[in-house]
2 protein chains.
Amino acid sequence: MPGYGQLCPVAKAMEILDERWTMLVVRELLLGSTHFNELRRGLPRMSPALLSKRLHTLERVGIIERSGPTARPAYTLTTKGRELSTVVDALGAWGVRWIGELGERDLDPHLLMWDMRRTIPVERWPRSRTVLAVEFADTAPRTSRWWIVVAGDDVDVCDVDPGHVTAATVRTTLRALTAVWRGDLSWPTALRSGAVMVDGPPTTRRQVPHWLGQSLLSAVPRPAGVAG
Amino acid sequence: MPGYGQLCPVAKAMEILDERWTMLVVRELLLGSTHFNELRRGLPRMSPALLSKRLHTLERVGIIERSGPTARPAYTLTTKGRELSTVVDALGAWGVRWIGELGERDLDPHLLMWDMRRTIPVERWPRSRTVLAVEFADTAPRTSRWWIVVAGDDVDVCDVDPGHVTAATVRTTLRALTAVWRGDLSWPTALRSGAVMVDGPPTTRRQVPHWLGQSLLSAVPRPAGVAG
DNA sequence: CTGTATCCATGGCGATACTG
DNA sequence: CAGTATCGCCATGGATACAG
């Protein structure tokens with residue numbers, strides 16, 4: 001891969017960015033991850049060797065900086081790297097708008113919960129510690145039960161019962177909750193159809209959609225329309 | 001490459017777009033190329049086999065349409081494909097802003113002339129047929145002399161002398177004219193330093209920079225400033 | 001926790017030649 | 001002009017184990 005041999009800035013940019021996983025590493029950094037295992041958590045199918053290699057490349061070309069070896073290693077975007085947000089945003093908007101069909105392999109409860117966790121609107125939750133349970137009907141038993149614990153400004157996602165009383169329980173499939181999260185399916189439609197069900201006191205039940213919200217990209221309008 | 005296994009729209013987009021050359025094929029289509037050999041001209045280092053493969057993939061995923069086998073084959077972007085302009089534009093702006101250093105292999109007189117040809121502002125040229133010669137001091141003899149012929153709304157670029165009288169001659173290096181074209185170097189600076197010289201009648205000489213112009217991305221501001 | 005080392009299979013892709 | 005066919009290398013990157 002001796003580059004593209006082109007003067008075009010698009011080509012020069014893609015020489016760096018078209019390598020597998022690279023753009024997703026940048027996405028993770030833009031979303032705020034800084035440590036190696038934090039990045040791994042958002043990129044579970046990427047081998048640590050490859051992640052290491054990509055981080056070195058990104059550092060070499062000046063997209064990220066690595067904190068000195070004295071402190072705990074941390075990766076942060078430089079200005080050059082931060083400006084890739086325009087590219088990532090454009091890719092995300094295009095992707096959510098035009099690529100609606102997800103394969104079975106694209107559905108991952110860990111990633112979904114990890115993703116939702118990032119943008120849980122804590123200000124809509126009760127002041128006191130509140131636990132919301134999520135149950136997937138269609139995943140392996142080990143990954144079918146989750147608990148979201150919001151206490152003050154802290155959000156935790158557990159795959160083991162934290163042992164507190166739950167305010168409500170969301171019963172759904174991984175595919176359905178993923179569709180709602182991405183904005184392929186609206187909360188009202190999902191609830192009406194029963195694709196997502198909420199158990200709990202009536203007042204709480206009505207709050208749950210606002211507690212969870214949707215991904216930032218869910219607001220992107222879809223071409224054919226009719227997204228539920 | 002079994003995909004990324006992620007629900008994230010950025011990942012779904014990159015599953016298609018991170019393959020080598022793909023984004024450059026899209027760029028060529030966005031710039032108006034429609035036929036196979038037209039695409040090849042903008043992608044000279046891409047093998048025809050690979051171009052064919054990429055076109056098939058892009059058609060399969062709905063980014064391009066191929067005209068029926070009855071007519072002369074032509075490739076056009078669908079709406080889905082056309083909306084990739086946001087991605088390509090973001091890549092181009094980031095690339096021209098942050099990747100200024102070009103290697104020797106990135107400099108190609110064919111590509112530069114082909115690229116300039118696309119956006120020659122014919123309305124600034126004289127009404128009658130006008131020929132501008134370009135001579136590179138640092139390229140192989142076969143690729144050192146070019147002629148830009150503007151007649152009405154038609155622009156032609158030749159690497160053999162068309163045999164008409166030339167209004168002026170641009171003498172420069174491939175690297176310098178490339179820098180001017182990309183906007184890494186301004187016309188005034190290039191002329192003052194002698195990096196680009198124009199031979200011809202004084203009135204014409206002053207017009208030449210406006211006849212050639214600069215790439216659309218040249219207007220993107222640069223980080224460190226000081227771009228000539 | 002933060003990576004590196006090693007191994008290996010796969011297949012991507014570059015080069016060239018050739019066909020309708 | 002518009003591709004397809006074939007070949008073969010070598011690098012990519014996936015998996016696993018291990019080190020500081």
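Chain letters run A, B, ... following the sequence lines, proteins first and then strands; every chain starts at 1.
A side-chain donor-acceptor contact under 3.5 Å links Thr22(A) and Arg54(A). Counting only N and O atoms by type, the side chains of Gln6(B) and Arg27(A) include a donor and acceptor under 3.5 Å apart.
Applying the salt bridge (charged side-chain N to carboxylate O under 4.0 Å, His left out) criterion to Asp115(A), with sequence neighbours excluded, gives Arg118(A).
At dT10(C), none of the side-chain N or O atoms of Arg20(A) fall inside 4.0 Å of OP1 or OP2 (strictly under the cut-off). In terms of phosphate contacts, Tyr4(A) brings no side-chain nitrogen or oxygen within less than 4.0 Å of OP1 or OP2 of dG14(C).
Because its NZ or CZ atom is both nearer than 6.0 Å to the ring centre of Tyr4(A) and within 45° of the ring axis, Arg20(B) counts as a cation-pi partner of that residue.
Between Val26(A) and Trp21(A), every side-chain heavy-atom pair lies at or beyond the 4.5 Å cut-off.
In this structure, Arg40(B) places its CZ atom 12 Å from P of dT16(C), rounding to the nearest Å. Whole-Å rounding puts the Leu51(A) CG to dT2(C) P distance at 11 Å. In this structure, Glu19(B) atom CD and dG11(C) atom P are separated by 13 Å, rounded to whole Å. Rounded to whole angstrom, the span from the CG atom of Leu43(B) across to the C1' atom of dA2(D) amounts to 15 Å. The distance from atom CE of Met46(B) to atom C1' of dT4(D) is 15 Å, rounded to the nearest whole Å.
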Can you give me the N/O atom pairs linking the protein to nucleotides 5-10 of chain D at distances under 3.5 Å, or say none if there are none?
none

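Residue contacts shown for Arg72(A) are limited to sugar-phosphate atoms, with no base heavy atom under 4.0 Å away. Using a 4.0 Å heavy-atom criterion, one finds that Arg54(A) contacts the sugar-phosphate atoms exclusively.
When distances run from any side-chain atom of Trp21(A) to the nucleotides dG3(C), dG3(D), dG14(D), the shortest one goes to dG14(D). In the set dG14(D), dG3(D), dG3(C), dG14(D) carries the atom at the smallest distance from any side-chain atom of Leu50(A).
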Kindly list each side-chain donor-acceptor pair under 3.5 angstrom involving residues 125-138 of chain B, sequence neighbours excluded, with atom names and distances?
| unit_1 | atom_1 | unit_2 | atom_2 | d |
| --- | --- | --- | --- | --- |
| Trp125(B) | NE1 | Trp211(B) | O | 3.0 |
| Arg129(B) | NH1 | His164(B) | NE2 | 3.4 |
| Arg129(B) | NH2 | His164(B) | ND1 | 3.1 |
| Thr130(B) | OG1 | Ser128(B) | O | 2.8 |
| Glu135(B) | OE1 | Arg171(B) | NH1 | 3.4 |
| Glu135(B) | OE2 | Arg145(B) | NH2 | 3.4 |
| Glu135(B) | OE2 | Arg171(B) | NH1 | 3.4 |
| Asp138(B) | OD1 | Leu174(B) | N | 2.9 |
| Asp138(B) | OD2 | Leu174(B) | N | 3.4 |

